[in-house]
Structures are given as C-alpha cells and as structure tokens.
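Naming: A, B, ... by sequence-line order, numbering from 1 per chain.
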Amino acid sequence: MRNQLFQLPIATPDGQFVARYSEKGLAELNFPQAGTPRRGVRSKNSSGARRTPRRGVPTTVMRSHRKTVAALKNALAGRRAKSLPPLDLMGTEFQKRIWNALRKISAGKTKSYGEIAQAIGHPRAVRAVGGACGANPIPVLVPCHRILAAHGKIGGFGGGLDWKRKLLEREGIVV
DNA sequence: CATCAAAAACTCC
DNA sequence: GGAGTTTTTGATG
C-alpha cells in the first residue's frame, strides 16, 4: 500500500478528470471514463479506493489541486501551463528520468521514443521508453502525448489514441 | 529471497 | 514482415 492519496475530481470541458495527490504533490492523473486502463494494474474497487473527502484535505493538497486544475485546463486548451504543481512521481529511476525528459518538451513540439532514449543515455532502450511512457501516471501535464514513433507514426496512448490525436491537434501538431 | 519467463505506447533490416 | 534491445512485472524454486 502506498501512502494515503487524496483523490479529487477535476471538471473540464472534456470531462471529469481524476487527480490523486500525496502530501508532497500531484501523484496521479486519470482521464475521464475509464478508471485505470493501464496494463497490469489491478484496481480492486473495494473499500480500498479512497474517495473524495471534501474536507480533511491538507492545505498543501488543496494548493496543489488548484494549480493542477489551472495547468490541466491550459494544457487542454493547447497551451503549456506556466507553472506545474509539485509532482510526486512514484516509479523507478529509469521512469523518473524519462518523465523528467518528457517535461522538457515545449508545447507544439514532438519527439520520438528514440530521441527520449538517447536523451536519458540509453539509446537502445527505445522499447523500454515506450513502456515507461505507458506507465506515466500523469498524462497531459507530463506530455507523453508529444511522443511519436520514429517514422512519424502516432504510436500508442494509454488513455486512448483518440485523446492523443485530439491533444496533438489542439497544439497544432499534424501527423 | 533469487531466478526465469513473458510482454510492451519501438526501431531497424 | 521479422529480429533485436531494454526494462518492468508476475510466477517459480
């Protein structure tokens, strides 16, 4: 079991996102509809899933939530957020490196999995990079959708390929 | 606890 | 279309 995460909804024109925060910051962000469609994730929906305690939420979490909402809306509008909320990324060092590299990508630009692999010093681990992107807990804010396959192909996307295309088109990126 | 085996949002021949 | 590379995850001894 991880630390207790506070789960809060985010209403956007595209639906209701679900964000989960630790006391350090944003830990996870999910698309509307599907709960956790990532592979290999067993999400027993028993009482283990902590719902939204509208109060009893630490002020740090509320602050992160406010920033997250602003950043998410900006991102959905096709613009990069001026400032992201504090992120509490949980994963292996390899994944953290990749996610950190993803955050460096400016809005309206794309990179390939190979580019990311080279950026983190494992030029052959392109496949693993794809896996790490799929394990990215915070899509949109960590722009995993700006990663395209080598030959300009769309690649894949955990939250659904339609989302990826939509996000890319909103940023003016044509595939 | 250490080891083996399979899968993955890729890339090159 | 097939083989190659790397990491993660679940099963096995």
Can you tell me how the ring of A:F17 sits relative to the ring of A:F31, calling it parallel under 30°, perpendicular over 60° and tilted otherwise? tilted

Pairs counted as Watson-Crick or G-U wobble with both distances under 3.5 Å: what dot-bracket string results for DNA chain C, using | for bases tied to another strand? ||||.||||||||

Under the 6.0 Å and 45° cation-pi test, does A:K166 pair with A:W163? yes

Distance in Å, A:M62 CE paired with A:T68 OG1, rounded so as to fall on 0.5 Å steps: 11.0 Å

Are there more than 12 heavy atoms of other residues, nucleotides or ligands under 6.0 Å from atom CD of A:E23? no

Rounded distance (nearest 0.5 Å) linking atom CG of A:D88 with atom OG of A:S22: 3.5 Å

Short side-chain N/O contact from A:S112 to OP1 or OP2 of B:dC10, under 4.0 Å: no

From A:L141 CG over to A:L102 CG, what is the distance, rounded to the nearest 0.5 angstrom? 12.0 Å

Count the heavy atoms belonging to other residues, nucleotides or ligands that lie under 6.0 Å from CZ of A:R170, then report whether that count exceeds 12. yes

Contact list please: residues 115-129 of chain A against DNA chain C, heavy atoms, distance less than 4.0 Å, in numerical order. A:H122, A:R124, A:A125, A:R127, A:A128

Gap between atoms NE2 and P, on A:H151 and B:dC10 respectively (whole Å): 15 Å

What is the separation between atom NE2 on A:H145 and atom P on B:dA9, rounded to the nearest whole Å? 18 Å

Does A:K104 NZ have over 12 foreign heavy atoms under 6.0 Å away? no

Touch check for A:Y113, heavy atoms < 4.0 angstrom, all strands: base, sugar-phosphate only, or nothing? base

A:A149 has a side chain; which of C:dT7, B:dA9, B:dT11 sits nearest to it? B:dT11

Quick check: does any side chain N or O of A:K164 sit under 3.5 Å from a backbone N or O of A:I147, one acting as donor and the other as acceptor? yes

Roughly how many Å is it from CD1 in A:I98 to C1' in B:dA8, rounded to a whole number? 12 Å

Classify the nucleic acid contact of A:G155 as base, sugar-phosphate or nothing, counting any heavy atom under 4.0 Å across all strands shown. nothing

Separation of B:dA9 P from A:L168 CG (nearest whole Å): 17 Å

